[in-house]
Protein chains: 2
Amino acid sequence: MTRPRSVSARNKLVAAAAEILLHEGVGAITAEQVARRSGVAKTTLYRHFGTTDALVFAVVEANVAAIKPPDTGTLRGDLAEIHRGYLDVAIVQQSRELFVWMVARSIEDPANRELFRRARVQPRGPTVLALQRAIARGEIDPDVDVEMAMHLIQGPLISMRIVDNSEVSERDLDTMLDMTVRALGAGHL
Amino acid sequence: MTRPRSVSARNKLVAAAAEILLHEGVGAITAEQVARRSGVAKTTLYRHFGTTDALVFAVVEANVAAIKPPDTGTLRGDLAEIHRGYLDVAIVQQSRELFVWMVARSIEDPANRELFRRARVQPRGPTVLALQRAIARGEIDPDVDVEMAMHLIQGPLISMRIVDNSEVSERDLDTMLDMTVRALGAGHL
DNA sequence: GTTATTTCGCTACTAACCGTTGCGAAATGA
DNA sequence: TCATTTCGCAACGGTTAGTAGCGAAATAAC
(Lines give C-alpha, C1' and ligand atoms only; values in the text may rest on other atoms or scores of the structure.)
Protein backbone atom coordinates (compact mmCIF):
# COMPACT_ATOMS: atom_id res chain seq x y z
CA MET A 1 0.00 0.00 0.00
CA THR A 2 1.47 3.28 -1.03
CA ARG A 3 -1.13 5.94 -1.45
CA PRO A 4 -4.70 5.78 -0.19
CA ARG A 5 -7.70 7.03 -2.11
CA SER A 6 -8.29 10.66 -1.41
CA VAL A 7 -11.03 10.96 1.20
CA SER A 8 -11.52 14.56 0.26
CA ALA A 9 -12.14 13.64 -3.37
CA ARG A 10 -14.73 11.11 -2.30
CA ASN A 11 -16.48 13.60 -0.06
CA LYS A 12 -16.54 16.21 -2.79
CA LEU A 13 -18.14 13.73 -5.16
CA VAL A 14 -20.81 12.71 -2.68
CA ALA A 15 -21.51 16.33 -1.80
CA ALA A 16 -21.81 17.39 -5.43
CA ALA A 17 -24.05 14.43 -6.23
CA ALA A 18 -26.25 15.25 -3.24
CA GLU A 19 -26.52 18.81 -4.47
CA ILE A 20 -27.64 17.76 -7.92
CA LEU A 21 -29.99 15.16 -6.45
CA LEU A 22 -31.68 17.76 -4.31
CA HIS A 23 -32.04 20.50 -6.88
CA GLU A 24 -32.40 18.74 -10.20
CA GLY A 25 -33.39 15.19 -9.37
CA VAL A 26 -31.72 11.89 -9.96
CA GLY A 27 -32.24 12.17 -13.71
CA ALA A 28 -29.74 15.00 -13.80
CA ILE A 29 -26.96 12.91 -12.31
CA THR A 30 -24.32 12.22 -14.94
CA ALA A 31 -20.69 11.40 -14.41
CA GLU A 32 -19.65 14.53 -16.23
CA GLN A 33 -21.97 16.82 -14.26
CA VAL A 34 -20.84 15.44 -10.92
CA ALA A 35 -17.22 15.71 -11.97
CA ARG A 36 -17.62 19.28 -13.11
CA ARG A 37 -19.48 20.46 -10.02
CA SER A 38 -17.21 18.66 -7.60
CA GLY A 39 -13.97 19.71 -9.25
CA VAL A 40 -12.95 16.08 -9.22
CA ALA A 41 -11.99 14.28 -12.42
CA LYS A 42 -14.49 11.92 -13.96
CA THR A 43 -11.92 9.16 -13.93
CA THR A 44 -11.57 9.56 -10.18
CA LEU A 45 -15.31 9.15 -9.80
CA TYR A 46 -15.12 5.79 -11.50
CA ARG A 47 -12.08 4.75 -9.52
CA HIS A 48 -13.95 5.43 -6.28
CA PHE A 49 -17.43 4.18 -7.10
CA GLY A 50 -17.21 2.06 -10.21
CA THR A 51 -20.53 3.31 -11.53
CA THR A 52 -22.61 6.45 -11.19
CA ASP A 53 -25.36 4.31 -9.68
CA ALA A 54 -23.12 3.35 -6.78
CA LEU A 55 -22.42 7.03 -6.16
CA VAL A 56 -26.12 7.80 -5.89
CA PHE A 57 -26.63 4.93 -3.47
CA ALA A 58 -23.72 6.26 -1.43
CA VAL A 59 -25.47 9.61 -1.20
CA VAL A 60 -28.66 7.93 -0.07
CA GLU A 61 -26.87 5.83 2.51
CA ALA A 62 -25.17 8.93 3.87
CA ASN A 63 -28.50 10.68 4.19
CA VAL A 64 -30.79 8.02 5.56
CA ALA A 65 -31.04 9.79 8.86
CA ALA A 66 -32.04 7.42 11.57
CA ILE A 67 -35.62 8.58 11.92
CA LYS A 68 -36.19 9.15 15.59
CA PRO A 69 -38.47 6.29 16.57
CA PRO A 70 -41.67 7.68 18.13
CA ASP A 71 -43.17 6.19 21.29
CA THR A 72 -46.70 7.45 21.77
CA GLY A 73 -47.95 4.55 23.83
CA THR A 74 -50.13 2.99 21.14
CA LEU A 75 -49.34 1.21 17.90
CA ARG A 76 -51.67 3.49 16.00
CA GLY A 77 -50.00 6.59 17.38
CA ASP A 78 -46.54 5.31 16.56
CA LEU A 79 -47.48 4.37 13.01
CA ALA A 80 -49.12 7.75 12.49
CA GLU A 81 -45.89 9.48 13.48
CA ILE A 82 -43.82 7.25 11.26
CA HIS A 83 -46.06 7.81 8.26
CA ARG A 84 -46.10 11.55 8.84
CA GLY A 85 -42.33 11.43 8.96
CA TYR A 86 -42.25 9.96 5.46
CA LEU A 87 -44.82 12.39 4.11
CA ASP A 88 -43.17 15.42 5.63
CA VAL A 89 -39.94 14.95 3.76
CA ALA A 90 -39.30 18.39 2.34
CA ILE A 91 -38.32 17.24 -1.11
CA VAL A 92 -41.38 15.11 -1.70
CA GLN A 93 -41.18 14.86 -5.45
CA GLN A 94 -37.47 14.17 -5.27
CA SER A 95 -37.88 11.39 -2.73
CA ARG A 96 -40.56 9.72 -4.80
CA GLU A 97 -38.42 9.87 -7.90
CA LEU A 98 -35.41 8.64 -5.98
CA PHE A 99 -37.28 5.74 -4.42
CA VAL A 100 -38.56 4.50 -7.74
CA TRP A 101 -35.14 5.03 -9.28
CA MET A 102 -33.59 2.81 -6.61
CA VAL A 103 -36.12 0.05 -7.17
CA ALA A 104 -35.59 0.22 -10.92
CA ARG A 105 -31.82 0.12 -10.63
CA SER A 106 -31.93 -2.68 -8.12
CA ILE A 107 -33.81 -4.72 -10.70
CA GLU A 108 -31.40 -3.92 -13.52
CA ASP A 109 -28.20 -4.69 -11.65
CA PRO A 110 -27.65 -7.24 -8.88
CA ALA A 111 -24.93 -5.05 -7.42
CA ASN A 112 -27.49 -2.33 -6.86
CA ARG A 113 -29.85 -4.80 -5.27
CA GLU A 114 -27.61 -5.16 -2.26
CA LEU A 115 -27.03 -1.41 -2.02
CA PHE A 116 -30.76 -0.83 -2.03
CA ARG A 117 -31.34 -3.48 0.59
CA ARG A 118 -28.85 -1.81 2.90
CA ALA A 119 -30.43 1.58 2.33
CA ARG A 120 -33.73 0.16 3.56
CA VAL A 121 -32.52 -1.31 6.84
CA GLN A 122 -32.41 1.98 8.73
CA PRO A 123 -35.86 3.27 7.72
CA ARG A 124 -37.47 0.02 8.83
CA GLY A 125 -36.12 0.30 12.34
CA PRO A 126 -38.80 2.52 13.86
CA THR A 127 -41.63 0.38 12.50
CA VAL A 128 -40.10 -2.80 13.83
CA LEU A 129 -39.64 -1.14 17.22
CA ALA A 130 -43.24 0.03 17.24
CA LEU A 131 -44.41 -3.50 16.48
CA GLN A 132 -42.26 -4.99 19.22
CA ARG A 133 -43.63 -2.57 21.79
CA ALA A 134 -47.17 -3.30 20.64
CA ILE A 135 -46.49 -6.97 21.20
CA ALA A 136 -44.98 -6.32 24.62
CA ARG A 137 -48.04 -4.28 25.49
CA GLY A 138 -50.27 -7.12 24.47
CA GLU A 139 -51.81 -4.87 21.85
CA ILE A 140 -51.30 -7.33 19.01
CA ASP A 141 -50.73 -11.04 18.57
CA PRO A 142 -47.17 -11.92 19.73
CA ASP A 143 -46.88 -14.43 16.90
CA VAL A 144 -47.49 -11.81 14.23
CA ASP A 145 -45.37 -12.17 11.09
CA VAL A 146 -43.28 -9.03 11.47
CA GLU A 147 -42.05 -9.11 7.89
CA MET A 148 -45.59 -9.31 6.59
CA ALA A 149 -46.71 -6.63 9.01
CA MET A 150 -44.06 -4.33 7.52
CA HIS A 151 -45.51 -4.83 4.06
CA LEU A 152 -49.03 -4.30 5.36
CA ILE A 153 -47.99 -1.05 7.02
CA GLN A 154 -45.81 0.38 4.29
CA GLY A 155 -47.57 -1.10 1.26
CA PRO A 156 -50.65 1.10 1.20
CA LEU A 157 -48.55 4.23 1.56
CA ILE A 158 -46.27 3.10 -1.26
CA SER A 159 -49.23 2.24 -3.47
CA MET A 160 -50.88 5.56 -2.87
CA ARG A 161 -47.95 7.95 -2.78
CA ILE A 162 -45.37 6.32 -4.99
CA VAL A 163 -47.32 4.38 -7.58
CA ASP A 164 -50.45 6.51 -7.87
CA ASN A 165 -48.85 9.82 -6.94
CA SER A 166 -51.93 10.70 -4.91
CA GLU A 167 -51.89 13.26 -2.16
CA VAL A 168 -52.35 11.70 1.26
CA SER A 169 -54.56 13.94 3.35
CA GLU A 170 -54.75 13.81 7.11
CA ARG A 171 -58.13 12.15 6.62
CA ASP A 172 -56.66 9.54 4.27
CA LEU A 173 -53.98 8.80 6.81
CA ASP A 174 -56.69 8.28 9.39
CA THR A 175 -58.59 5.84 7.22
CA MET A 176 -55.41 4.03 6.31
CA LEU A 177 -54.32 3.64 9.91
CA ASP A 178 -57.75 2.44 10.99
CA MET A 179 -57.53 -0.33 8.47
CA THR A 180 -53.91 -1.19 9.15
CA VAL A 181 -54.29 -1.37 12.89
CA ARG A 182 -57.40 -3.49 12.54
CA ALA A 183 -55.49 -5.77 10.19
CA LEU A 184 -52.87 -6.33 12.85
CA GLY A 185 -55.59 -7.38 15.22
CA ALA A 186 -55.13 -4.61 17.73
CA GLY A 187 -58.00 -4.62 20.20
CA HIS A 188 -58.91 -8.16 19.35
CA LEU A 189 -57.14 -10.00 22.09
CA MET B 1 -56.60 14.35 -45.73
CA THR B 2 -54.80 12.39 -48.39
CA ARG B 3 -53.07 9.37 -47.03
CA PRO B 4 -53.67 7.82 -43.61
CA ARG B 5 -50.98 6.42 -41.37
CA SER B 6 -50.31 2.84 -42.21
CA VAL B 7 -52.16 0.66 -39.71
CA SER B 8 -50.01 -2.26 -40.70
CA ALA B 9 -46.83 -0.35 -39.88
CA ARG B 10 -48.24 0.52 -36.47
CA ASN B 11 -49.19 -3.08 -35.79
CA LYS B 12 -45.77 -4.31 -36.83
CA LEU B 13 -44.14 -1.84 -34.46
CA VAL B 14 -46.31 -2.86 -31.52
CA ALA B 15 -45.79 -6.54 -32.28
CA ALA B 16 -42.01 -6.19 -32.52
CA ALA B 17 -41.88 -4.15 -29.33
CA ALA B 18 -44.00 -6.77 -27.55
CA GLU B 19 -41.62 -9.45 -28.75
CA ILE B 20 -38.59 -7.64 -27.41
CA LEU B 21 -40.41 -6.81 -24.18
CA LEU B 22 -41.23 -10.44 -23.58
CA HIS B 23 -37.86 -11.95 -24.40
CA GLU B 24 -35.32 -9.32 -23.46
CA GLY B 25 -37.10 -6.95 -21.14
CA VAL B 26 -37.97 -3.31 -21.36
CA GLY B 27 -34.31 -2.31 -21.11
CA ALA B 28 -33.71 -3.79 -24.54
CA ILE B 29 -36.30 -1.61 -26.21
CA THR B 30 -34.55 0.91 -28.44
CA ALA B 31 -35.93 2.69 -31.46
CA GLU B 32 -33.37 1.08 -33.71
CA GLN B 33 -34.04 -2.44 -32.42
CA VAL B 34 -37.77 -2.12 -32.81
CA ALA B 35 -37.33 -0.67 -36.28
CA ARG B 36 -35.00 -3.43 -37.35
CA ARG B 37 -37.15 -6.27 -36.02
CA SER B 38 -40.39 -4.84 -37.32
CA GLY B 39 -39.07 -3.97 -40.75
CA VAL B 40 -40.49 -0.50 -40.26
CA ALA B 41 -38.30 2.57 -40.54
CA LYS B 42 -37.23 4.29 -37.34
CA THR B 43 -38.59 7.57 -38.64
CA THR B 44 -42.00 5.96 -39.02
CA LEU B 45 -41.87 4.83 -35.42
CA TYR B 46 -41.43 8.41 -34.30
CA ARG B 47 -44.15 9.62 -36.65
CA HIS B 48 -46.59 7.17 -35.09
CA PHE B 49 -45.65 7.31 -31.43
CA GLY B 50 -43.52 10.38 -30.88
CA THR B 51 -41.31 8.64 -28.33
CA THR B 52 -40.22 5.09 -27.64
CA ASP B 53 -41.89 5.36 -24.22
CA ALA B 54 -45.28 5.87 -25.84
CA LEU B 55 -44.72 2.75 -27.91
CA VAL B 56 -44.08 0.66 -24.81
CA PHE B 57 -47.19 2.01 -23.13
CA ALA B 58 -49.12 1.14 -26.30
CA VAL B 59 -47.90 -2.44 -26.00
CA VAL B 60 -48.97 -2.58 -22.39
CA GLU B 61 -52.37 -1.14 -23.14
CA ALA B 62 -52.86 -3.68 -25.93
CA ASN B 63 -51.97 -6.49 -23.54
CA VAL B 64 -53.76 -5.60 -20.35
CA ALA B 65 -56.13 -8.47 -20.79
CA ALA B 66 -59.27 -7.95 -18.85
CA ILE B 67 -58.50 -10.37 -16.04
CA LYS B 68 -61.56 -12.51 -15.65
CA PRO B 69 -63.07 -11.28 -12.39
CA PRO B 70 -63.49 -14.21 -9.99
CA ASP B 71 -66.65 -14.72 -7.96
CA THR B 72 -66.04 -17.22 -5.19
CA GLY B 73 -68.75 -16.01 -2.88
CA THR B 74 -66.48 -14.42 -0.29
CA LEU B 75 -64.26 -11.35 -0.38
CA ARG B 76 -61.32 -13.38 0.82
CA GLY B 77 -61.77 -15.94 -1.90
CA ASP B 78 -62.04 -13.30 -4.60
CA LEU B 79 -58.96 -11.46 -3.42
CA ALA B 80 -57.01 -14.70 -3.25
CA GLU B 81 -57.86 -15.43 -6.87
CA ILE B 82 -56.95 -11.92 -7.96
CA HIS B 83 -53.61 -12.02 -6.17
CA ARG B 84 -52.83 -15.43 -7.59
CA GLY B 85 -53.62 -14.02 -11.00
CA TYR B 86 -50.94 -11.39 -10.55
CA LEU B 87 -48.39 -13.82 -9.16
CA ASP B 88 -49.00 -16.40 -11.86
CA VAL B 89 -48.02 -14.11 -14.67
CA ALA B 90 -45.63 -16.26 -16.65
CA ILE B 91 -43.02 -13.61 -17.16
CA VAL B 92 -42.71 -12.65 -13.52
CA GLN B 93 -39.38 -10.89 -13.67
CA GLN B 94 -40.45 -9.09 -16.83
CA SER B 95 -43.69 -7.84 -15.32
CA ARG B 96 -41.90 -6.57 -12.25
CA GLU B 97 -39.36 -4.73 -14.35
CA LEU B 98 -42.09 -3.36 -16.59
CA PHE B 99 -44.21 -2.17 -13.70
CA VAL B 100 -41.36 -0.27 -12.11
CA TRP B 101 -40.35 1.08 -15.49
CA MET B 102 -43.83 2.49 -15.99
CA VAL B 103 -43.86 4.14 -12.59
CA ALA B 104 -40.44 5.64 -13.22
CA ARG B 105 -41.36 6.95 -16.65
CA SER B 106 -44.65 8.34 -15.41
CA ILE B 107 -42.67 10.40 -12.92
CA GLU B 108 -40.18 11.64 -15.47
CA ASP B 109 -42.68 12.74 -18.09
CA PRO B 110 -46.20 14.06 -17.54
CA ALA B 111 -47.26 12.62 -20.89
CA ASN B 112 -46.43 9.15 -19.59
CA ARG B 113 -48.36 9.82 -16.40
CA GLU B 114 -51.64 9.74 -18.27
CA LEU B 115 -50.65 6.67 -20.26
CA PHE B 116 -49.79 4.84 -17.06
CA ARG B 117 -53.04 5.87 -15.43
CA ARG B 118 -54.99 4.45 -18.32
CA ALA B 119 -53.04 1.21 -18.22
CA ARG B 120 -54.08 0.74 -14.61
CA VAL B 121 -57.81 1.17 -15.05
CA GLN B 122 -58.44 -2.31 -16.42
CA PRO B 123 -56.47 -4.28 -13.79
CA ARG B 124 -58.37 -2.54 -11.00
CA GLY B 125 -61.73 -3.69 -12.28
CA PRO B 126 -61.87 -7.12 -10.66
CA THR B 127 -60.90 -5.79 -7.25
CA VAL B 128 -63.51 -3.07 -7.38
CA LEU B 129 -66.11 -5.64 -8.39
CA ALA B 130 -65.10 -7.93 -5.53
CA LEU B 131 -65.46 -5.05 -3.09
CA GLN B 132 -68.87 -4.10 -4.43
CA ARG B 133 -70.12 -7.64 -4.09
CA ALA B 134 -68.75 -7.84 -0.56
CA ILE B 135 -70.68 -4.69 0.28
CA ALA B 136 -73.85 -6.03 -1.31
CA ARG B 137 -73.43 -9.21 0.70
CA GLY B 138 -73.11 -7.19 3.88
CA GLU B 139 -69.64 -8.62 4.34
CA ILE B 140 -67.97 -5.25 4.79
CA ASP B 141 -68.96 -1.71 5.73
CA PRO B 142 -70.94 -0.17 2.82
CA ASP B 143 -69.28 3.18 3.48
CA VAL B 144 -65.78 1.79 2.95
CA ASP B 145 -63.41 4.09 1.09
CA VAL B 146 -62.99 2.02 -2.06
CA GLU B 147 -59.94 3.93 -3.23
CA MET B 148 -58.20 3.34 0.09
CA ALA B 149 -59.30 -0.28 0.10
CA MET B 150 -57.57 -0.69 -3.27
CA HIS B 151 -54.31 0.56 -1.79
CA LEU B 152 -54.71 -1.64 1.24
CA ILE B 153 -55.28 -4.68 -0.94
CA GLN B 154 -52.62 -4.05 -3.57
CA GLY B 155 -50.07 -2.23 -1.43
CA PRO B 156 -48.72 -5.17 0.55
CA LEU B 157 -48.29 -7.22 -2.61
CA ILE B 158 -46.49 -4.35 -4.31
CA SER B 159 -44.26 -3.79 -1.31
CA MET B 160 -43.35 -7.45 -1.09
CA ARG B 161 -43.09 -8.46 -4.73
CA ILE B 162 -42.07 -5.29 -6.49
CA VAL B 163 -40.05 -3.33 -3.97
CA ASP B 164 -38.50 -6.12 -1.94
CA ASN B 165 -38.45 -8.73 -4.70
CA SER B 166 -39.50 -11.37 -2.18
CA GLU B 167 -41.12 -14.60 -3.17
CA VAL B 168 -44.74 -14.79 -2.06
CA SER B 169 -45.49 -18.29 -0.85
CA GLU B 170 -48.97 -19.73 -0.53
CA ARG B 171 -48.53 -19.32 3.21
CA ASP B 172 -47.53 -15.66 2.82
CA LEU B 173 -50.59 -15.09 0.71
CA ASP B 174 -52.70 -16.62 3.46
CA THR B 175 -51.25 -14.37 6.11
CA MET B 176 -51.58 -11.34 3.87
CA LEU B 177 -55.22 -12.05 3.10
CA ASP B 178 -56.04 -12.66 6.75
CA MET B 179 -54.74 -9.24 7.58
CA THR B 180 -56.30 -7.49 4.60
CA VAL B 181 -59.74 -8.97 5.09
CA ARG B 182 -59.64 -8.13 8.77
CA ALA B 183 -58.62 -4.58 7.87
CA LEU B 184 -61.71 -4.22 5.72
CA GLY B 185 -63.80 -5.25 8.65
CA ALA B 186 -65.17 -8.43 7.18
CA GLY B 187 -66.96 -10.42 9.84
CA HIS B 188 -67.33 -7.40 12.08
CA LEU B 189 -70.79 -6.27 11.18
C1' DG C 1 -57.58 7.99 -64.43
C1' DT C 2 -55.22 11.95 -62.96
C1' DT C 3 -53.29 14.72 -59.37
C1' DA C 4 -52.10 16.77 -55.01
C1' DT C 5 -50.70 15.50 -50.72
C1' DT C 6 -48.93 12.74 -47.37
C1' DT C 7 -46.53 8.73 -45.64
C1' DC C 8 -42.78 5.56 -46.03
C1' DG C 9 -38.10 4.02 -45.99
C1' DC C 10 -33.43 5.22 -46.26
C1' DT C 11 -29.13 7.37 -44.94
C1' DA C 12 -26.89 10.56 -42.48
C1' DC C 13 -26.61 13.63 -38.81
C1' DT C 14 -26.41 16.06 -34.04
C1' DA C 15 -26.20 15.70 -29.31
C1' DA C 16 -25.82 13.37 -25.00
C1' DC C 17 -23.99 10.04 -22.12
C1' DC C 18 -21.22 5.93 -20.27
C1' DG C 19 -17.15 4.08 -19.26
C1' DT C 20 -12.13 3.54 -20.79
C1' DT C 21 -7.39 4.57 -22.07
C1' DG C 22 -2.99 6.79 -21.90
C1' DC C 23 -0.33 10.12 -20.04
C1' DG C 24 2.45 13.30 -16.97
C1' DA C 25 2.31 15.19 -12.35
C1' DA C 26 1.63 14.87 -7.60
C1' DA C 27 1.13 12.57 -3.29
C1' DT C 28 2.50 9.22 0.17
C1' DG C 29 3.67 4.80 2.72
C1' DA C 30 7.86 2.34 3.42
C1' DT D 1 14.73 8.77 -0.86
C1' DC D 2 11.83 6.07 -3.90
C1' DA D 3 8.55 2.80 -5.57
C1' DT D 4 3.86 2.80 -6.11
C1' DT D 5 -0.45 4.53 -6.59
C1' DT D 6 -3.71 8.20 -7.20
C1' DC D 7 -5.07 12.32 -9.49
C1' DG D 8 -6.47 15.32 -13.27
C1' DC D 9 -6.79 15.92 -18.10
C1' DA D 10 -7.97 15.13 -22.80
C1' DA D 11 -9.37 12.21 -26.07
C1' DC D 12 -11.72 8.16 -27.68
C1' DG D 13 -15.29 4.29 -28.95
C1' DG D 14 -19.73 2.74 -28.43
C1' DT D 15 -24.69 3.38 -27.73
C1' DT D 16 -28.95 5.77 -27.95
C1' DA D 17 -32.64 9.48 -28.77
C1' DG D 18 -34.57 12.07 -31.92
C1' DT D 19 -34.19 14.89 -36.42
C1' DA D 20 -33.32 16.26 -41.40
C1' DG D 21 -33.55 15.68 -46.23
C1' DC D 22 -34.92 13.15 -50.12
C1' DG D 23 -36.86 10.04 -53.69
C1' DA D 24 -40.50 6.62 -54.13
C1' DA D 25 -44.91 4.87 -53.19
C1' DA D 26 -49.58 5.08 -51.67
C1' DT D 27 -54.12 7.12 -51.55
C1' DA D 28 -58.09 10.39 -51.01
C1' DA D 29 -60.40 13.58 -53.88
C1' DC D 30 -61.89 14.89 -58.09
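Sequence lines set the chain letters: A, B, ... in the order given, protein chains first and strands last, and positions in each chain run from 1.
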Query raised in the report: Do any side-chain nitrogens or oxygens of A/Ser6 fall under 4.0 Å of OP1 or OP2 in D/dT6?
Result: no
Query raised in the report: Of all heavy-atom pairs between B/Val163 and B/Ser159, which one has the smallest distance, and what is that distance?
Result: CB-O, 3.4 Å
Report task. Measure the distance from CD1 on A/Ile29 to P on C/dA16 and round it to the nearest whole Å. Result -> 18 Å
Requested in this report: Calculate the interatomic distance between B/Phe49 atom CZ and C/dC8 atom P; express it in whole Å.
Outcome: 11 Å
Query raised in the report: In this structure, are over 12 heavy atoms from other groups packed under 6.0 Å from B/Arg137 atom CZ?
Result: yes
Query raised in the report: Closest approach of A/Leu13 and A/Ser38, non-hydrogen atoms and distance?
Result: CD2-OG, 3.5 Å
Requested in this report: Report yes if a donor N or O on one partner sits less than 3.5 Å from an acceptor N or O on the other, where the partners are the side chain of B/Lys42 and the base of C/dG9; otherwise report no.
Outcome: no
Requested in this report: Verify the ring-centre separation between A/Phe116 and A/Trp101: is it less than 6.0 angstrom?
Outcome: no
Requested in this report: Return the value, rounded to whole Å, for the distance between atom CG of A/Asn11 and atom P of D/dT6.
Outcome: 17 Å
Query raised in the report: Rounded to whole angstrom units, what separation is found between the OH atom of B/Tyr46 and the P atom of D/dT16?
Result: 11 Å
Query - Distance in angstrom units between A/Arg10 CZ and D/dT6 P, rounded - result: 15 Å
Query raised in the report: Ignoring hydrogens and angles, are the base of C/dT28 and the side chain of A/Arg3 linked by a donor-acceptor pair under 3.5 Å?
Result: no
Query raised in the report: Between C/dC17 atom C1' and A/Arg36 atom CZ, what is the distance in whole Å?
Result: 14 Å
Requested in this report: Report the nucleotide, chosen from C/dT11, D/dG18, D/dG8, that has the shortest atom-to-atom distance to any side-chain atom of A/Arg47.
Outcome: D/dG8
**Report entry** Base of D/dC7 paired with side chain of A/Thr43 (donor-acceptor, under 3.5 Å)
**Finding:** no
Query raised in the report: Is there a side-chain polar atom (N or O) of B/His48 under 4.0 Å from OP1 or OP2 of C/dT7?
Result: no
Query raised in the report: Could you give the CZ-to-C1' distance, from B/Arg37 to C/dG9, as a whole number of Å?
Result: 20 Å
Requested in this report: Run the salt-bridge test on A/Glu147 and A/Arg124 with the 4.0 Å N-O cut-off and return the result as yes or no.
Outcome: yes
Report task. Write down the distance between CG (A/Leu45) and P (D/dC9), rounded to a whole number of angstrom. Result -> 14 Å
